[in-house]
Student: 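Provided herewith is a single structure, encoded as structure tokens, for subsequent inquiry.
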Amino acid sequence: MPVFKERVFSGVQPTGNLHLGNYLGAIVKFVALQEKYDCLYCVVDMHAITVWQDPAELKRTTREVTAAYIASGIDPKKNIIFNQSQVAEHAELAWVLNCVARLGWLNRMTQFKEKAGKDRENVSVGLFAYPNLMAADILAYRATHVPVGEDQKQHLELARDIAQKFNNDYAESIRANGFGETFFPLPEPLISGPATRVMSLRDGTKKMSKSDSSDYSRINLTDDADTIAQKFRKAKTDPHPLPSGVKELESRPEAENLVGIYAALSGKTAADVLKDFGGAQFSRFKEALTELSVEKLGPVGAEMKRIVQDAAYIDSVLKDGSARARAIASETMKAVKDIVGFVRV
Ligand code: TRP
């Protein structure tokens with residue numbers, strides 16, 4: 001395997017309000033990675049429209065996710081922050097990858113099955129092809145590392161399969177065009193730490209989600225202190241005090257979730273959290289969790305609200321990021337055209 005330049009790519013969909021699951025599962029990890037890698041953080045507006053989005057609302061949420069990136073501490077100068085639709089190479093490469101990926105591979109995607117439900121005949125073709133676009137996002141930059149939540153693991157494996165098949169199918173042409181043995185790196189998922197999966201506050205077996213009808217199921221990044229306190233107070237728990245070891249959390253999804261959230265926000269392990277709170281009643285733990293959440297999320301939410309006011313600034317960040325992203329992706333796309341056999345005139 002040749003050595004590829006280490007590069008991080010990830011994306012967040014601009015759909016609905018950002019919540020604690022997006023923040024801990026993705027954005028916090030993005031922030032940490034900027035110290036070590038060249039990173040591209042994308043607002044994936046083209047993924048968003050695989051299900052219906054109100055156009056005015058899509059613009060608002062695209063700017064909101066951008067503001068959340070910046071408010072959380074991602075430096076837009078050091079990294080590339082942009083929205084997907086502004087770099088046409090994503091769609092262009094996705095088409096080529098549509099022709100590499102096999103129907104059978106996509107048929108196995110559990111997220112599609114869940115989202116399509118019983119109404120398969122009536123979902124968009126885009127929803128089915130979504131993982132190919134995601135592979136294109138990553139491979140357009142020949143990214144090597146992709147921080148994602150647990151739920152995206154299967155899509156990452158598919159991206160690796162697509163990269164591998166492209167490398168194999170076009171091996172001869174890749175060599176003939178002077179790119180050596182392989183063109184695309186096989187991107188590695190980075191899934192680690194507590195809270196790779198933040199669950200609903202009302203049901204510890206369901207993911208925290210912006211589409212849940214109850215706002216009490218989630219903590220939004222823009223919730224104020226009183227709302228956060230109220231949501232944690234009402235959060236579902238079981239009747240027992242917190243255990244002293246992580247093993248005992250396994251059969252207690254709500255307890256596991258709240259401990260995981262505390263751990264992620266405090267930068268501790270779940271075991272350390274239980275050292276402090278093992279034996280405590282939930283009422284006491286929830287108070288501590290509220291205090292910690294307000295302390296950590298309050299400034300991010302406030303900064304986000306401030307940045308969102310300045311659409312011109314946000315758009316300038318996206319414009320600069322898109323230009324820098326395009327410079328990389330267009331090089332990849334030129335090479336892909338040569339490899340596939342498209343005549344470039
Ligand atoms: N599918 C991802 C999600 O819903 C978002 C995404 C799109 C993404 N393209 C990506 C994540 C590329 C990582 C890399 O969370």
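Just so it is clear, the model here is predicted, and its values are computed rather than measured. Both ligands and their constituent atoms are indexed starting at 1 by order of listing. Side-chain atoms are counted along with the backbone in the values below, which use heavy atoms only and exclude waters and symmetry mates.
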Student: Please enumerate all residues that pass side chain to side chain contact (heavy atoms under 4.5 Å, CB included) together with Ala325, with sequence neighbours excluded.
Tutor: Leu40, Ile80, Phe82, Val87, Tyr141

Student: What donor-acceptor contacts under 3.5 angstrom involve side-chain atoms of residues 268-279, with partners at least two apart or in another chain?
Tutor:
unit_1 : atom_1 : unit_2 : atom_2 : d
Lys268 : NZ     : Asp276 : OD2    : 3.2
Thr269 : OG1    : Asp272 : N      : 3.1
Thr269 : OG1    : Asp272 : OD2    : 3.4
Asp272 : OD1    : Lys275 : NZ     : 3.2

Student: Considering only heavy atoms, which protein residues lie less than 4.0 Å from any atom of ligand 1?
Tutor: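 Residue list for ligand 1: Phe9, Ser10, Gly11, Gln13, Val44, His47, Tyr130, Met134, Asp137, Ile138, Val146, Val148, Gln152.
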
Student: Going by side chain to side chain contact (heavy atoms under 4.5 Å, CB included), name the residues that satisfy it together with Arg108, two or more places apart in sequence or in a different chain.
Tutor: Trp105

Student: Is it true that Glu64 and Arg60 have a side-chain N and a carboxylate O under 4.0 angstrom from each other?
Tutor: yes

Student: Is the distance between the ring centroids of Phe285 and Tyr262 under 6.0 Å?
Tutor: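 Centroid separation for Tyr262 and Phe285: below 6.0 Å.
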
Student: Measure from NZ or CZ of Lys337 to the centre of the six-membered ring of Phe342, then state whether that distance is under 6.0 Å and the direction lies within 45° of the axis.
Tutor: no

